[in-house]
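Please read the structure below before turning to the comments.
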Amino acid sequence: MSRPCIVTATFTPKPEHYDEVKRVLLEVTPDVHQEEGCELYALHEEVGGSLVLIEKWTSRELWVAHGELETVARIQRGVEGLLQSDVDVLEMYGVAATSYPESL
């Protein structure tokens, strides 16, 4: 059985392009929700000025497949030249509470 894949993708727009980057991410969100394996794809505003997509996919394989779809290409085209740095992507997997040693 495959474990759910949790992903954060942090976009740090140039200040003058914040609203434009936010618009691009919001416009693609409904289409990503239709992709196989997408359980959560939600945009959040970080207090330091970044935009963070929090994603949950039913498996790593389906998240990787998402990266090859037109929705991701649309994001890449839409934010080109508008960011202060590369998108920071973190891929994570939950740790069951039963995995902790009893000595903790």
Side-chain angles (χ1 to χ4, degrees):
M1 176 176 8
S2 185
R3 297 187 305 167
C5 178
I6 307 299
V7 177
T8 61
T10 302
F11 296 74
T12 305
K14 294 175 183 173
E16 66 272 20
H17 295 296
Y18 183 89
D19 289 337
E20 189 174 353
V21 172
K22 182 177 174 181
R23 180 189 52 76
V24 168
L25 298 173
L26 288 172
E27 284 179 355
V28 76
T29 295
D31 295 331
V32 175
H33 284 149
Q34 300 304 310
E35 294 176 16
E36 182 181 4
C38 179
E39 295 182 26
L40 176 71
Y41 198 81
L43 184 62
H44 294 74
E45 294 179 301
E46 188 268 327
V47 296
S50 294
L51 293 162
V52 181
L53 280 171
I54 299 177
E55 310 175 32
K56 182 177 181 185
W57 296 86
T58 56
S59 70
R60 181 178 198 277
E61 294 76 20
L62 291 172
W63 171 62
V64 170
H66 156 73
E68 302 298 320
L69 297 177
E70 178 59 23
T71 50
V72 173
R74 283 171 44 205
I75 290 171
Q76 291 169 339
R77 287 190 306 268
V79 302
E80 188 174 353
L82 306 181
L83 303 177
Q84 293 183 31
S85 58
D86 291 340
V87 179
D88 183 27
V89 178
L90 297 175
E91 173 185 354
M92 300 169 276
Y93 299 88
V95 177
T98 58
S99 298
Y100 292 104
E102 288 190 32
S103 62
L104 290 178

For atom CD of E36, is the number of surrounding heavy atoms from other residues, nucleotides or ligands below 6.0 Å larger than 12?
no

Does a sphere of radius 6.0 Å around CD in E70 hold more than 12 heavy atoms from other residues, nucleotides or ligands, not counting ones at 6.0 Å or beyond?
yes

Does any non-hydrogen side-chain atom of P15 lie less than 4.5 Å from one of Q84?
yes

Smallest separation among heavy atoms of A9 and V87, with atom names:
CB-CG1, 4.1 Å

Any side-chain heavy atom of L53 sitting closer than 4.5 Å to one from F11?
yes

Where is the tightest heavy-atom contact between L51 and P13, given as atom of each residue plus distance?
CD1-CG, 4.0 Å

Separation between CD (Q76) and OG1 (T71), nearest 0.5 Å, reads 9.5 Å

Between L82 and V28, is there a shared hydrophobic cluster once you connect ILVMFWY residues whose side-chain heavy atoms come closer than 4.5 Å?
yes

Side-chain heavy atoms under 4.5 angstrom apart, residues restricted to Ile, Leu, Val, Met, Phe, Trp, Tyr: same cluster for V64 and I75?
yes

Which atom names give the shortest non-hydrogen contact between Y93 and R3, and what distance separates them?
CB-NH2, 3.2 Å

Using a 4.5 Å cut-off on heavy atoms from C-beta on, say whether the side chain of D31 contacts that of R74.
yes

Would L69 and V7 show up in the same hydrophobic cluster when neighbours are defined by side-chain heavy atoms closer than 4.5 Å?
no

Would T10 and E46 count as a side chain to side chain donor-acceptor pair (under 3.5 Å) if you check the C-alpha gap in whole Å, the side-chain angles of each, and the deciding distance to 0.1 Å?
CA-CA 9 Å; T10 302; E46 188 268 327; over 6 Å; no

Is there a side-chain contact between W57 and P4, using heavy atoms and a 4.5 Å cut-off?
no

For K14 and L83, work out which heavy atoms get closest and say how close.
CE-O, 3.4 Å

With a 4.5 Å cut-off on side-chain heavy atoms, are C5 and E91 touching?
yes

Does a sphere of radius 6.0 Å around CD in E68 hold more than 12 heavy atoms from other residues, nucleotides or ligands, not counting ones at 6.0 Å or beyond?
no

E39: salt bridge (Lys or Arg N to Asp or Glu O under 4.0 Å) partners, not counting sequence neighbours
K56

Derivation of the side-chain contact (heavy atoms from CB on, under 4.5 Å) call for E45 and Y18
CA-CA 10 Å; E45 294 179 301; Y18 183 89; 2.8 Å; yes

If Ile, Leu, Val, Met, Phe, Trp and Tyr residues are connected whenever their side-chain heavy atoms lie under 4.5 Å apart, and connections chain through other members, are L43 and W63 in the same group?
yes

So which atom in L62 and which in G37 form the shortest heavy-atom distance, rounded to 0.1 Å?
CD1-CA, 3.6 Å

Following the transitive rule for hydrophobic clusters with a side-chain heavy-atom cut-off under 4.5 Å over Ile, Leu, Val, Met, Phe, Trp and Tyr, establish whether V89 and V79 coincide in one cluster.
yes

Rounded to the nearest 0.5 Å, what's the gap from CD1 on I6 to CG on L90? Could you check?
12.0 Å

